[in-house]
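Computed from a predicted structure; not experimentally measured. Protein chains get the first letters and strands the later ones, always in sequence-line order, with residue 1 at the start of each.
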Protein chains: 2
Amino acid sequence: MKRNALPPVTGSGRSGFAPLNPVEVETIRLFVQLSRALGQPPSVAEIYGLLFVSPRPLPQDEFTGRLNLSKGSASQGLRYLQDLGAVRPVAVAADRRGHYEAVAELRNLAGRFLRQQVFSYFQDSGERLDKIITEARKLAGPERDHALARAKMLKSWEKNSKRILPLVMALLGGGRGK
Amino acid sequence: MKRNALPPVTGSGRSGFAPLNPVEVETIRLFVQLSRALGQPPSVAEIYGLLFVSPRPLPQDEFTGRLNLSKGSASQGLRYLQDLGAVRPVAVAADRRGHYEAVAELRNLAGRFLRQQVFSYFQDSGERLDKIITEARKLAGPERDHALARAKMLKSWEKNSKRILPLVMALLGGGRGK
DNA sequence: GGAACAGTTCAATCAATAATGAATAAATCT
DNA sequence: AGATTTATTCATTATTGATTGAACTGTTCC
């Protein structure tokens with residue numbers, strides 16, 4: 001069965017938890033929208049969005065219930081967010097459930113996200129580039145020249161891109177963020 | 001029926017076109033890999049990749065045949081690439097088919113891509129942010145304060161991000177790209 | 001110990017996205 | 001005009017990716 005995109009704002013939570021208020025709904029939508037642009041699954045964005053607007057850390061079953069997620073999605077999404085450093089556990093006295101809060105520093109978030117995304121790409125791109133060059137050398141005549149020129153271009157693209165990342169990070173952290 | 005990921009390097013092209021050589025195969029793989037990171041369909045990456053390594057402009061049926069794509073995918077992918085400015089038509093004498101070549105300037109490519117991706121996001125994010133603030137004002141007590149603080153934070157994130165884009169563009173174009 | 005709770009894993013299911021190809025249009029040739 | 005070539009559109013099909021939930025693990029409480 002397909003779960004509801006977002007539970008209705010009105011109506012008492014049939015999960016036993018308070019339904020989302022309009023601020024929560026809109027904030028979550030904002031993050032879901034962003035997640036599309038970044039190619040991230042909506043459930044993850046929903047979890048982060050709700051933790052982000054929440055004035056206090058939430059236990060897993062609470063955001064699961066309020067977002068109408070399955071236990072599996074919640075668990076996986078939470079893990080992903082923790083690995084990314086976007087969410088951190090917070091102990092709450094007299095409650096054995098784990099509670100979580102959003103890490104809300106743009107620099108951290110964006111930095112880690114970029115690192116994760118970009119790193120996974122540059123992972124074997126270097127290796128592949130070398131292979132392209134090796135193969136290009138085996139060609140003959142003008143084909144060979146063109147192939148080598150293209151390979152060189154790719155190398156320079158890679159270098160340029162790699163150089164930009166730290167700068168972006170610095171800008172994200174340094175901008176008068178107040 | 002599923003098409004082959006990439007036609008085998010050896011073996012005469014059963015489409016009547018030359019099979020891909022190793023340089024072409026590896027270059028295409030590189031772009032396909034990148035397209036995953038960027039959330040773009042592989043067929044588009046294949047087309048761009050082949051045009052990128054090709055020493056001469058290719059007509060649609062040629063890259064369609066060599067990549068083993070359907071006519072539909074080729075046509076749509078080509079259109080997407082043209083809209084993005086990543087590929088441009090080139091007239092070839094005594095051939096009535098349209099020929100295309102890759103636009104291979106990192107600055108153009110990345111710039112247009114970012115614009116397309118990011119712009120579509122910031123499209124209505126401003127509107128949504130205003131709505132969040134409006135709704136937050138209707139809340140009471142500490143909840144209200146927290147919600148307003150979060151909304152303010154989102155606004156600053158947006159401002160920061162918007163400010164960075166032009167800088168990234170400048171860096172992509174300006175780096176000693178040789 | 002064992003019942004209730006909190007959480008994870010993963011194979012099966014469902015939804016979203018990409019690719020296909022038949023129908024069609026438009027242009028060029030004879 | 002009619003035949004041929006080139007290319008586009010879009011409903012259908014295939015593929016990928018996200019979500020579910022039942023089975024399981026480990027804790028805590030009585």
Side-chain angles (χ1 to χ4, degrees), chain A residues 1-7 15-17 28 31-33 35-48 57-83 87 89-100 117 120, chain B residues 1-7 15-17 28 31-33 35-48 57-83 87 89-100 117 120:
Chain A
M1 192 244 292
K2 189 210 176 304
R3 83 189 171 77
N4 288 331
L6 271 189
S15 58
F17 291 109
I28 290 166
F31 280 104
V32 168
Q33 188 182 328
S35 78
R36 296 205 118 233
L38 302 177
Q40 248 42 44
S43 64
V44 168
E46 289 178 8
I47 296 169
Y48 183 81
L58 300 180
Q60 203 175 140
D61 62 339
E62 183 167 345
F63 64 73
T64 303
R66 298 185 70 195
L67 292 169
N68 195 22
L69 289 171
S70 68
K71 256 156 53 108
S73 280
S75 177
Q76 286 172 196
L78 188 58
R79 152 119 74 138
Y80 174 88
L81 287 167
Q82 284 188 91
D83 290 350
V87 147
V90 179
V92 163
D95 193 334
R96 94 168 139 105
R97 296 169 301 175
H99 289 61
Y100 300 88
Q117 284 289 99
S120 82
Chain B
M1 195 241 295
K2 187 209 179 304
R3 83 188 173 79
N4 289 331
L6 273 187
S15 58
F17 291 110
I28 290 166
F31 281 104
V32 168
Q33 187 182 328
S35 79
R36 296 202 119 235
L38 301 177
Q40 247 44 42
S43 64
V44 168
E46 290 178 7
I47 296 168
Y48 183 81
L58 300 180
Q60 204 175 137
D61 62 338
E62 183 167 345
F63 64 75
T64 303
R66 299 186 69 196
L67 292 169
N68 196 19
L69 289 171
S70 69
K71 257 156 52 106
S73 282
S75 178
Q76 286 170 196
L78 188 58
R79 151 121 70 150
Y80 173 88
L81 287 167
Q82 284 188 91
D83 289 351
V87 147
V90 180
V92 163
D95 193 335
R96 90 172 141 102
R97 296 170 302 176
H99 289 61
Y100 300 88
Q117 284 289 98
S120 82

- Item | Minimum-distance nucleotide (side-chain atoms of A/Arg97 versus D/dA18, C/dA6, C/dT8) | C/dA6
How close or far is atom [atom2] of [N] from atom [atom1] of [X], stated in whole angstroms?
X        : N      : atom1 : atom2 : value
B/Phe63  : D/dT6  : CZ    : P     : 14 Å
B/Asn68  : C/dG21 : CG    : P     : 10 Å
B/Asp61  : D/dT5  : CG    : C1'   : 10 Å
A/Ile47  : D/dT19 : CD1   : C1'   : 11 Å
B/Tyr100 : D/dA7  : OH    : P     : 6 Å
A/Gln82  : C/dG7  : CD    : P     : 11 Å
A/Tyr80  : D/dA18 : OH    : C1'   : 13 Å
A/Leu81  : D/dA18 : CG    : P     : 14 Å

- Message: Can you confirm whether B/Tyr100 sits close enough to B/Ile47 that some side-chain heavy atom of one is under 4.5 Å from a side-chain heavy atom of the other?
- Response: no
- Do the non-hydrogen side-chain atoms of A/Ile28 and A/Leu67 ever get within less than 4.5 Å of each other? yes
- Query: In the 5'-to-3' direction, what one-character label does each nucleotide of nucleotides 22-30 of chain C receive under the scheme B = base within less than 4.0 Å of a protein heavy atom, S = sugar-phosphate only, - = no such atom?
  - Reply: -----BS--
- A/Gly98 or B/Gly39, whichever maps to the more 5' nucleotide of DNA chain C: A/Gly98
I want to check one thing: is the phosphate of [N], taken as OP1 and OP2, less than 4.0 Å away from some side-chain N or O of [X]?
X       : N      : answer
B/Arg36 : D/dG17 : yes
A/Gln76 : C/dC10 : no
B/Ser43 : C/dA19 : yes
A/Arg79 : C/dT9  : yes
A/Ser73 : D/dT20 : yes

- Message: Tell me whether A/Thr64 contacts the main-chain N or O of A/Gln60 through its side chain, where contact means a donor paired with an acceptor under 3.5 Å.
- Response: yes
- How many angstroms lie between CD in A/Glu62 and CZ in A/Phe17, if you round to the nearest 0.5 Å? 5.5 Å
- Message: Could you measure the distance from the CG atom of A/Leu69 to the OG atom of A/Ser75? Nearest 0.5 Å is fine.
- Response: 11.5 Å
- Message: Just to verify, what does A/Val44 make a side-chain contact (heavy atoms from CB on, under 4.5 Å) with, not counting sequence neighbours?
- Response: A/Pro41, A/Tyr80, A/Leu81
- Item | Whether over 12 other heavy atoms sit under 6.0 Å from A/Arg79 CZ | no
